[in-house]
Every structure is written in structure tokens, then in C-alpha cells.
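A quick write-up on the structure given underneath.
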Amino acid sequence: MTRESFKTDAFILRCLNYSESDLIVTFYSSEFGKLRGIAKGAKRSKKRFANVFEPFSLTKIIFSRHRPDALAFIEACEIIDHYPDIRTDLEKTLVASYFADLTDNFSPEGKVNIKVFELLQNFLLLLGKEKATEATLRFFELRLLKVTGFEPALDHCAQCKIPLTNGNAYYFYPREGGIKCFACARPERYEEPLSAGAVRTLLLGKTMDLDKIKTVSLSGALAAECREMLVSFITHLLGKEIKSMKVMEQIRRMGLP
Amino acid sequence: MKAYAQPIKRLISELSKLPGIGEKTATRLANHILKAQDEDVRKLAESIIDVKKKIKLCRTCLNLTEADVCHICHDKSRDQGIICVVEEPDAMAAIEESGGYHGTYHVLHGALAPLDGVGPENLHLNELMKRINGGGIKEVIIATNPDVHGEATALLIIKMLKGKNIKVTRIATGVPMGGDLKYVDKMTLSKSLEFRRGM
């Protein structure tokens, strides 16, 4: 039986060692969504697969498969962009790895979503050009949640539906996927409020032009509030912590120059 | 496997747990062991147990060793002021085979891999810093693999060593000796041009 070959642009999300020299590669393609494929002899390859299966690299992959739900057989792969400006900066490498990790976790296999591909492409380009900031991280998270159908409701109280009002404190409830005003939330003493300023910054980040993200200064308490909200929501949705986020925090705690 | 007696089945099952060994290869190996001399089989079994029992990590460089300190750290003719940082003991073995290096090593036993959850706490970086803070080190050569994980590990070590007044170097990247440029991948070729040297 002959197998049809396909050619697509794809981001490498993850590689898993399989046997002595093969790799199982998870990639996010523009035309087929997230796929997993086997690259025979990839670990020893010096020509066909040399340096191509690196996390978050943009590649052109040629693959074939028996059935749409079967593991793809990767026939060839070449690099389009390996983002050298990201790879030579530790913070940027950690952030790009987090982007790939989130994309992997929020993408079911075989579901085509060009917006996810474009989002990853745009943010990797941005990361290559600009500094890796808290705003870049949070706005990627928020936009990924949006394009994958998990956008949190932030512009009004989830219960009384009253629109967000400046100066008020809000509480975010991951289970309900939205914020509640103080009156509706009836918070316990241990619950941390979310300022209207933090919510507004996140709302701004959802649609802001990529070029303008560098102008957003998300630091101190505001950054902590936004981070806590989004990370708790992502952890709730996935039912687990994101590994690359834990590594990023370990390194940040080291307080290196 | 049904046709085999229980002890053979057990041997096949244990052998097939080894990397790169499937059931067929395990069966072939089991049959070879069955036919081998008693003495050879005993030596094989003893050597496996010995490795597990006797091998530990070197107190200084974390290389695999039988003694408290490995033969490289023990060798006073080597330059004790240079540390070559590698990911795994097999990388160290490869450098040793080259015969071009006469300093000491430090084995991290891994590399930063954020997507797999491998962070600095999983690497032997504190031991490296302890050695450096102990004094007498003039150069650290970072010989982690030239991939995303190895590069990230190198960048982390460079940051950790900032302000320590130690020469920090990274192994070179480029075209292999005896290679043909038209078969070298794009990334390696661009790196080799970036890091070209004067002659």
C-alpha cells in the first residue's frame, strides 16, 4: 500500500527518544495542526535530520501516513528558522520553550488551527527582536487561551454582569473562567484580589499590536497579579503545572545577573 | 515466547528491557547465553552486579568511578586549574579519547531541558560552584552539546560565573575535519562562518 506524502511548515514542539536512534517528534503544522511523527535514525543522522529537531524551530517537514490518526512517518525535514537570537539568550530560550510547551498542551492532535500557528510564529519573531518581558509572557498566554477557546471572561462580573469598573477589586475564579466583583465574590480572607488595573492591562494585551507590546511595562504587584491569575487558570484547565514554567521560575529564583 | 521454559522467558523479558533490544534480539541473546560456556556466563553476570555495586560518582568531578576520587582528578600531572564541563560521562570519555585535553572535568549528568522539566536543581551545578569557589581554577571550558539544551546550560553557567574573574570558554562549533562543505547542514555552516578564525 502506498502512502501519500504531505509537505508542511511546522514548529517543533517536543522530541522523545525512541529506541537507539529514532525520535518521536511532536510538531505544530500550519495545515494539519499538531501531529506526532517518527523520524527514523534521527539521532545518528548527519545529513537528512542534522540539527532539525530542535525545540521551537520552524521547519519544513515532509511526512506520510497510512491513516489520518496514525503516527506520521517523517521523510525529510529542513530548517526555515532556528531563531538564533532566541537561542543565544537564556531568558528568551526559556520563554520560547514555555510557548512551545503551552502550545503543545492546549492543542489536541490533528485539529487544524492556523491562528495557533500564527500566534506562535508572531511571538517567536517578537521574542527574537525584543527583550523577553512579563508582558510578552502574559499576552501570549492570554492570546493562546483565546484562540484555543478558553478565553477567560474579564470584561464583566461573571455573576451580576456589571462591566469592569476602575478602582474596584475583583476576584478570579478558575472554575468559572471569569472574574467576580467584590459584592458577588464574597471572598474569604485568604483570597487575593485582582485590581481593575491588572484586568484592564490583560484586556489590552488581548488585541494590542505586537509592535506595541514592548511599550507595556508589567512589573511589581501588577505583574504578580496578572501572573497569578493566568497561571492558576492554565493549571486549572490542564490539571497540571507546566514543566517549562517551573524551570523558568527555578532559574529566576537564582537571581542571576 | 510461549514455547520457552520459564527461566528462558524470564531472561528474554529482562534482556528486552535494555535500550535498543526488542523481543527478537533478546531471544537471540538468551539462546547465545544458553549455549555459552558456564565460565563466560558467570563472568557476564558478575560484571553486571559489580558495576552496580562498585561504581559511584567521583567526589570532585562526578565522573563514574570505583574509588572516591576518579583517576583523572587523582592525576597530578593534569592541569587542575582547568575544568571542562560536560553533560554526561560519555562526552567526557569522547574528549579523553581525542587525547587533546589535559585538564580536569565536571560532569553535570544532564542539561537544561525546560520542556522535560529538567532545571538547574536537577544538574550538579552547586558542586561545580563549590569547586570554583574553593579557588585555584583559572579556566572553565563549557563543552555541553551544541543544541538548544546544551546552549541554554552553557548560558546559565556563564551567568553563574559572571564576576568570578575566571576565563570562561565554549568549545568551537563548525565544519567537521575531513568533511565536505556541500553536505554540512545550514546551521553548522553559518556557525562556522560566524566563528571563523584568522590564520
Side-chain angles (χ1 to χ4, degrees), chain A residues 12-22 26 45-57 77-84 86-102 104-105 240-257, chain B residues 16 18-23 25 110-123 125-126 129 142 144-164 170 173-176 178-195:
Chain A
I12 306 298
L13 299 181
R14 194 179 293 273
C15 286
L16 188 72
N17 288 333
Y18 185 77
S19 78
E20 274 294 281
S21 59
D22 305 342
T26 307
S45 172
K46 288 196 174 86
K47 286 179 194 166
R48 191 160 64 133
F49 293 133
N51 297 326
V52 288
F53 298 121
E54 293 276 17
F56 60 81
S57 290
C77 181
E78 62 176 82
I79 287 278
I80 298 173
D81 196 345
H82 55 80
Y83 300 101
I86 295 178
R87 290 171 56 135
T88 48
D89 182 310
L90 180 61
E91 183 65 19
K92 288 183 179 185
T93 303
L94 295 170
V95 172
S97 301
Y98 179 60
F99 288 171
D101 209 357
L102 270 190
D104 186 18
N105 276 289
K240 63 176 184 183
E241 276 185 273
I242 296 277
K243 286 178 181 173
S244 52
M245 169 60 89
K246 276 170 78 176
V247 172
M248 190 159 31
E249 284 177 352
Q250 264 184 33
I251 294 175
R252 282 181 178 178
R253 276 199 301 272
M254 292 168 82
L256 298 169
Chain B
S16 56
L18 297 172
I21 309 253
E23 199 182 301
T25 311
L112 270 188
L115 288 156
D116 301 319
V118 181
E121 290 170 12
N122 306 98
L123 308 174
L125 289 165
N126 288 340
M129 293 313 288
I142 306 173
T144 50
N145 292 338
D147 55 14
V148 170
H149 300 154
E151 290 293 334
T153 312
L155 291 168
L156 177 67
I157 296 171
I158 291 166
K159 280 188 176 228
M160 289 171 81
L161 295 178
K162 218 162 211 174
K164 292 248 182 253
R170 178 86 173 105
T173 335
V175 291
D180 188 332
L181 285 189
K182 65 176 175 282
Y183 295 122
V184 176
D185 66 282
K186 276 194 259 181
M187 206 195 302
T188 307
L189 209 48
S190 73
K191 285 278 174 198
S192 70
L193 285 166
E194 189 183 339
F195 299 119

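For clarity, every value in this text was computed on a predicted model and none was experimentally measured. A, B, ... follow the sequence lines: proteins, then strands. Residue 1 opens every chain.
The shortest distance between side-chain heavy atoms of Thr188(B) and Asn51(A) falls below 4.5 Å.
Looking at every heavy atom in both residues, Leu94(A) comes nearest to Pro114(B) through CD2-CG, 3.8 Å. A pairwise comparison of heavy atoms in Leu90(A) and Ala152(B) identifies CD1-O, 3.5 Å as the closest pair. Scanning both residues, Glu54(A) and Asp147(B), for their nearest heavy atoms gives OE2-CB, 3.0 Å.
Of the two parts of Lys186(B), only the side chain, counted from C-beta on, holds a non-hydrogen atom closer than 4.5 Å to a non-hydrogen atom of chain A. Heavy atoms of Leu13(A) lying under 4.5 Å from chain B belong exclusively to its backbone. Heavy atoms of Pro146(B) lying under 4.5 Å from chain A belong exclusively to its backbone. With a 4.5 angstrom heavy-atom cutoff, Val184(B) does not touch chain A via any of its atoms. Looking at Arg253(A), only its side chain comes within 4.5 Å of chain B, counting heavy atoms on both sides. In this structure, chain B has a heavy atom under 4.5 Å from the side chain of Met254(A), while its backbone stays farther away. Proximity to chain B (any heavy atom under 4.5 Å) is restricted, for Phe56(A), to the side chain, taken from C-beta onward. Only the side chain of Leu112(B) comes within contact range of chain A, judged by heavy atoms closer than 4.5 Å.
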Item checked: Residues Asp185(B), Val52(A); criterion side-chain contact (heavy atoms from CB on, under 4.5 Å); working and verdict -> CA-CA 9 Å; Asp185(B) 66 282; Val52(A) 288; over 6 Å; no

Next item on the list: Mind running side-chain contact (heavy atoms from CB on, under 4.5 Å) on Leu156(B) and Ile251(A) for me, showing each step along the way?
Entry: CA-CA 8 Å; Leu156(B) 177 67; Ile251(A) 294 175; 4.1 Å; yes

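Note that CG of Leu256(A) is 11.5 Å distant from CG of Leu155(B), once rounded to the nearest 0.5 Å. Interatomic distance, OG1 of Thr88(A) versus CD of Glu194(B), reported as 8.0 Å (0.5 Å rounding). In this structure, CE on Met187(B) lies 5.5 Å from OG on Ser57(A), to the nearest 0.5 angstrom. In this structure, CG in Leu115(B) is found 5.0 Å from OG in Ser97(A), a value given to the nearest 0.5 Å.
Within a 6.0 Å radius of OH in Tyr183(B), other residues, nucleotides and ligands contribute 12 heavy atoms or fewer.
A donor-acceptor pair is defined here as one N or O able to donate and one able to accept, closer than 3.5 Å; no such pair exists between the side chain of Glu121(B) and the backbone of Gln250(A).
Interface remark: of the candidates Arg87(A), Lys246(A), Arg14(A), Glu78(A), Arg87(A) forms the most heavy-atom pairs closer than 4.5 Å to chain B. Annotation: maximal heavy-atom pairing with chain B below 4.5 Å, among Asp22(A), Asp101(A), Thr93(A), occurs at Asp101(A). Listed options Gly117(B), Gly163(B), Gly22(B) were ranked by heavy-atom pairs under 4.5 angstrom with chain A; first place goes to Gly117(B).
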